[in-house]
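Note sheet for the following structure.
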Amino acid sequence: MQNFHTVKDLIFSMTGCTYAGEINFVNSEGVYAEYDGTSAKVGGCDTAAVCRALTEFSAHLLKGEDAFCIKRERAFRRCGVMLDLSRDGAMRVDKIKEYIRAIAALGLNVLMLYLEDLYPLEGYSYFGYQRGAYTAEELKEIDDYAATFGIETVPCIQTLGNMERYLAWAESAPIRDTPSTLLPDAEETYRFIEDCIRSVSACFRSPYLHIGMDEALGIGTGAYFKRHAKEGINQTEVFLRHLNRVCAIAKQYGRRVMIWSDLFFSMEDQGQHGNYDEAIVLSEETLSKVPDLIPVYWYYSSKRKEKYAALLKEHRKMSREIAFAGAGWSFETFAPNTEFAWECNAAALAACREDRTDWVINTLWGDSGSECSPFLCMPTNALYAEFFYSGRADADEAYAWEIAALISGCSKEESLLMSELSLRQFGEVKAARRLLRKDVLNVPQFCIEGGANSMVLPSVTEQEIVVRYRAAAKKLEERAKKNPRWADRFRLIAAVMQTAADKCIVYTDLQKAYHDGDRDKLTYFAEEIFSRLKAEYQTMQKLHEKLYLAENKAFGWGWSCLLYGQQLVRIDYAIGRLSQYLNGEIAEIEELTAPVLNQKIKTYDREFWTE
């Protein structure tokens with residue numbers, strides 16, 4: 001291995017290992033690390049395995065072990081992480097490299113980059129415009145750096161749905177079906193897709209290309225419908241025809257296609273059971289029209305191994321090579337719901353191990369602002385790596401936590417403290433997010449069945465939310481003093497929790513005080529609570545901005561500015577209205593006079609999403 005010493009130094013810099021003795025490289029199947037007190041040997045089946053071996057060597061040496069011999073085998077062909085770069089968080093190249101070093105230390109061998117419109121596309125001026133799009137040179141730099149550690153970088157683009165950012169521009173009109181979906185069966189569309197595939201393929205050495213196509217349930221319902229309504233439209237046929245056309249284009253450029261597989265199942269099911277229901281069986285007619293590809297089964301929220309096993313079996317009908325994608329539960333939150341993500345992924349990976357699934361990927365989506373740093377998801381990355389190198393044996397989940405802490409510098413206790421933001425309930429990451437974004441005076445918008453908590457989580461009371469958030473925030477502030485590497489991140493999450501706790505008090509007490517005529521309480525809100533809320537949002541904003549801009553290009557920061565600007569203006573407005581009411585300048589506060597409506601929570605699939 002020509003770059004062994006370079007890789008060794010980089011991995012040791014991640015783990016903090018200071019071993020200065022000679023380490024002999026040996027050829028080995030799987031992962032191999034040995035130390036007898038005087039001499040050391042490290043080996044692996046490829047560069048990624050050697051990286052893992054060096055981490056194993058570090059971990060056991062740092063525990064003070066006098067001698068050890070570690071041998072591990074792989075359970076999957078490929079295991080890695082998907083970074084979402086397109087949801088208002090285009091990570092800076094130097095930070096992507098830092099992330100590559102971290103997952104290299106875990107021994108992962110795949111990095112997927114979810115790009116949407118963030119790659120160069122000559123001739124399309126608004127493609128990735130003002131979104132932090134990467135140049136060809138930047139993408140090649142990332143690809144080359146990952147290859148140093150034996151990591152294959154796979155681009156993930158979209159060739160059907162989830163294209164709303166580009167389709168919002170006028171120049172996209174000829175290829176627009178709906179506001180988020182490309183126009184199938186149109187030659188202009190396939191010229192565009194060919195340009196996309198040609199351009200992105202030139203930036204990466206991997207023969208694999210993920211073409212997206214998830215969640216495009218609106219296919220054929222916009223401009224396509226206007227053109228073809230008289231002929232009759234079968235969405236499944238339109239989708240399969242489009243898929244085959246795109247796969248044929250990809251093949252021309254030597255790409256092996258991967259695709260999110262949900263449309264196969266949702267169209268087969270026609271909405272009867274929900275996304276990826278175990279009752280769905282793909283028809284022979286559908287299967288006969290599926291081209292050569294790798295279907296990626298993505299599912300994030302079941303703790304039942306049997307569910308994953310059933311759907312993996314169904315995917316085996318589609319291709320000789322299949323992939324599974326779980327999630328680090330990093331979306332729409334400032335901190336991942338690590339505990340819930342851990343439980344779901346452990347069940348999924350156990351099913352994948354039995355199925356001998358070819359690829360397993362931990363997706364780190366950054367929906368709506370990329371508020372959660374991917375670096376906070378190192379524990380679930382470590383869980384994937386532990387299953388990856390456990391062969392046929394059971395994974396040692398406690399050891400995965402140890403490795404995550406070794407690489408990230410963030411302990412299990414600290415990770416779970418941040419997970420309190422999600423209240424560790426059903427993976428419902430939107431608890432704090434909903435509190436932070438709701439208007440301070442439009443209380444009825446928040447209340448369901450007479451309580452604010454129902455909009456967050458039916459099983460947690462408002463009082464519990466306040467107590468838990470404040471307790472966790474206090475502990476994080478204490479941790480920030482002891483862990484400088486993570487101090488700013490801990491302070492941000494603590495600020496989010498404090499703000500959400502005070503916002504919860506607004507929703508439980510403000511309208512009641514107004515209807516009870518409790519002027520002292522209303523004065524307290526105007527002079528104390530709202531002023532404190534304003535200061536808390538300002539603290540959040542400063543910490544968030546600092547951390548965001550250190551990690552990402554600036555272009556997506558505007559999304560978060562909308563949150564802070566809206567809340568600060570509305571808090572000033574609320575203070576003014578309360579003061580006017582208390583001074584007798586106005587007879588009522590209209591927003592607080594409105595009745596509370598009882599609205600039932602709409603549940604789609606208890607194992608998938610609730611709202």
Item to complete: Specify whether H544 and Y548 have parallel, tilted or perpendicular ring planes, treating 30° as the upper limit for parallel and 60° as the lower limit for perpendicular.
Response: perpendicular
Item to complete: Answer yes or no: are there more than 12 heavy-atom neighbours, outside K97 itself, under 6.0 Å from its atom NZ?
Response: yes
Worksheet entry | Y399, OH: over 12 other non-hydrogen atoms inside 6.0 angstrom | yes
Worksheet item: Which pairs, with at least one residue in residues 396-405 and sequence neighbours excluded, count as a salt bridge (Lys or Arg N to Asp or Glu O under 4.0 Å)?
Response: K63-E402
Worksheet item: Can the ring centres of W260 and Y297 be said to be less than 6.0 Å apart?
Response: no
Worksheet item: Are S370 and D88 close enough that a side-chain donor and a side-chain acceptor fall under 3.5 Å?
Response: no
Worksheet, complete the sentence: Value for OG (S560) from CG (L563), rounded to nearest 0.5 Å, stands at 7.0 Å
Fill in: Cation-pi, Y299 ring and K307 (6.0 angstrom, 45 degrees)
yes
Practice prompt. Please step through salt bridge (Lys or Arg N to Asp or Glu O under 4.0 Å) for the pair K95 and E551, ending with a clear verdict.
Written response: CA-CA 6 Å; K95 284 296 179 178; E551 193 167 289; 5.7 Å; no
Discussion item. Taking salt bridge (Lys or Arg N to Asp or Glu O under 4.0 Å) as the criterion, tell me which of R479, K546, K542 meets it with D488.
Written reply: K546
Fill in: Verdict with reasoning, W365 to W298, per ring pair (Phe, Tyr, Trp, His ring centres under 6.0 Å)
CA-CA 12 Å; W365 296 105; W298 59 274; 8.0 Å; no
Worksheet item: Are the side chains of S125 and E171 in touch, meaning some heavy atoms are under 4.5 Å apart?
Response: yes
Discussion item. Within this structure, what is the CD1-CE distance for the pair I142 and M91, rounded to the nearest 0.5 Å?
Written reply: 9.5 Å
Fill in: Ring centres under 6.0 angstrom apart (Y126, W169)
yes
Discussion item. Can you tell me which residue among T539, L435, L533 is in a side chain to side chain contact (heavy atoms under 4.5 Å, CB included) with T499?
Written reply: L533
Item to complete: Identify whether the distance between the nearest side-chain nitrogen and carboxylate oxygen of E420 and K475 falls below 4.0 Å.
Response: no
Worksheet, complete the sentence: Correct closest heavy-atom pair for T178 and G218 would be CG2-O, 3.4 Å
Worksheet item: Is there a donor-acceptor pair closer than 3.5 Å between any side-chain N or O of R176 and the backbone N or O of A223?
Response: no
Worksheet item: Do the numbers put K553 on top of the ring of Y134, so that NZ or CZ is under 6.0 Å from the six-membered ring centre and no more than 45° off the axis?
Response: yes
Discussion item. Parallel, tilted or perpendicular, judged at 30° and 60°: which one describes the rings of F331 and Y300?
Written reply: tilted
Worksheet item: Taking C-beta and beyond as the side chain, do C561 and E545 meet within less than 4.5 Å on heavy atoms?
Response: no
Worksheet item: Taking the six-membered ring for Trp, are F127 and Y119 parallel (under 30°), tilted (30 to 60°) or perpendicular (over 60°)?
Response: perpendicular
Worksheet item: Using a distance-only test with no angle check, is there a side-chain donor-acceptor pair under 3.5 angstrom linking Y537 and K503?
Response: yes
Worksheet entry | Distance-only polar pair, side chains of Y308 and E306, donor-acceptor under 3.5 Å | no
Worksheet item: Is there a side chain to side chain donor-acceptor pair (under 3.5 Å) between Y514 and T593 once you walk through the steps?
Response: CA-CA 8 Å; Y514 176 77; T593 303; 3.0 Å; yes
Worksheet item: Can we call the ring centroids of Y166 and Y129 under 6.0 Å apart?
Response: no
Discussion item. Does any part of the side chain of L364, heavy atoms only, come nearer than 4.5 Å to the side chain of D84, both counted from C-beta?
Written reply: no
Item to complete: Apply the test salt bridge (Lys or Arg N to Asp or Glu O under 4.0 Å) to residues R437 and E371: give CA-CA distance (whole Å), side-chain angles for both, the deciding distance (0.1 Å), then the verdict.
Response: CA-CA 13 Å; R437 280 165 168 70; E371 293 163 341; 2.5 Å; yes
Worksheet entry | Matching residue for E536 among V496, I571, L436, D502 - test: side chain to side chain contact (heavy atoms under 4.5 Å, CB included) | D502
